[in-house]
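In this text, all values refer to a predicted model and were calculated from it rather than measured experimentally. This chain uses plain numbering: 1 for the first residue, then up along the sequence.
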Amino acid sequence: MPKPDSLQGSLDLLVLKILSRRPRLHGYAVMSAIQEISNDVLRAEEGSLYPALHRMEEAGWIRAEWIVKDSGRRARMYELTGAGKKQLAAEESRWQAVTSAVNRVLRMA
């Protein structure tokens, strides 16, 4: 079983993919989606997710907007940009190559 925050190398891919399917999510919703969709196998901790979101925003892959929720609380909502869609395609391609290579090694006789 992976460690709770063992997403090194795949966090960007997961965040970009989730935002491509569920636009305008706040950070906690992204964390919850990763955990829920992976059936509790993967977890993104705040200490990893929020720096990654900030880095992806600086890179132009996502954009963020502060909103005020009905409860009166502020939330930072994230969505994918055009550059983020291109990056997602690159990340998915890289991931396929890596998993294919790992599978070849695992199937060695």
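For Gly60 against Ala83, the heavy-atom pair with the smallest separation is O-CB, 3.5 Å. For the residue pair Ser10 and Trp95, the shortest heavy atom distance occurs at CB-CZ3, 3.9 Å. Heavy-atom minimum distance, Gly27 versus Tyr78: N-CE1, 3.9 Å. Nearest heavy-atom pair, Pro51 versus Ser48, reported as atom, atom and distance to 0.1 Å: CD-O, 3.5 Å.
The main-chain N or O of Ile34 is found under 3.5 Å from a side-chain atom of Ser38 such that the two form a donor-acceptor pair. One N or O on the side chain of Ser20 and one on the backbone of Lys17 form a donor-acceptor pair closer than 3.5 Å.
The closest side-chain heavy-atom distance from Met56 to Gln87 is not below 4.5 Å. Taking the side chain as every heavy atom from C-beta outward, Met31 and Gln35 never approach each other to under 4.5 Å. Ile18 has its side chain out of reach of Arg21: every pair of non-hydrogen atoms, C-beta onward, lies at least 4.5 Å apart. Annotation: side chain of Asp12 is in contact with side chain of Arg55 (closest heavy-atom distance under 4.5 Å). Residues Asn103 and Leu106 have side chains in contact (heavy-atom distance under 4.5 Å, counting atoms from C-beta outward).
Residue Ile62 holds its CD1 atom at 8.5 Å from OG1 of Thr81, rounded to the nearest 0.5 Å. Within the model, atoms CG of Leu80 and CZ of Arg22 stand 14.5 Å from one another, a figure rounded to the nearest 0.5 Å. In this structure, the separation between CD1 on Ile37 and CG on Leu42 is 10.0 Å, given to the nearest 0.5 Å. Atoms CD1 and CZ, from Ile67 and Arg76 in turn, are 12.0 Å apart once rounded to the nearest 0.5 Å. Here Arg63 contributes atom CZ and Glu57 contributes atom CD; the two are 10.0 Å apart, rounded to the nearest 0.5 Å. Here Leu19 contributes atom CG and Leu53 contributes atom CG; the two are 7.5 Å apart, rounded to the nearest 0.5 Å.
Residue Glu92 places its CD atom among more than 12 non-hydrogen atoms of other residues, nucleotides or ligands, all under 6.0 Å distant.
In the hydrophobic clustering of ILVMFWY residues, with side-chain heavy atoms under 4.5 Å counting as a link, Leu16 and Tyr28 come out together. Residue Leu11 is grouped with residue Val41 when hydrophobic side chains (ILVMFWY) are merged at heavy-atom distances under 4.5 angstrom, including chains of intermediate members. Follow the hydrophobic side-chain contacts under 4.5 Å out from Met77 and you never reach Trp61; the two are in separate clusters.
A side chain to side chain contact (heavy atoms under 4.5 Å, CB included) with Val15 is found for one member of Leu25, Leu88, Leu49 and no other, namely Leu49.
Under the side chain to side chain contact (heavy atoms under 4.5 Å, CB included) criterion, Ala89 pairs with no residue at all, not counting sequence neighbours.
Using a 4.0 Å cut-off between a side-chain N of Lys or Arg and a carboxylate O of Asp or Glu, Arg94 and Glu91 qualify as a salt bridge.
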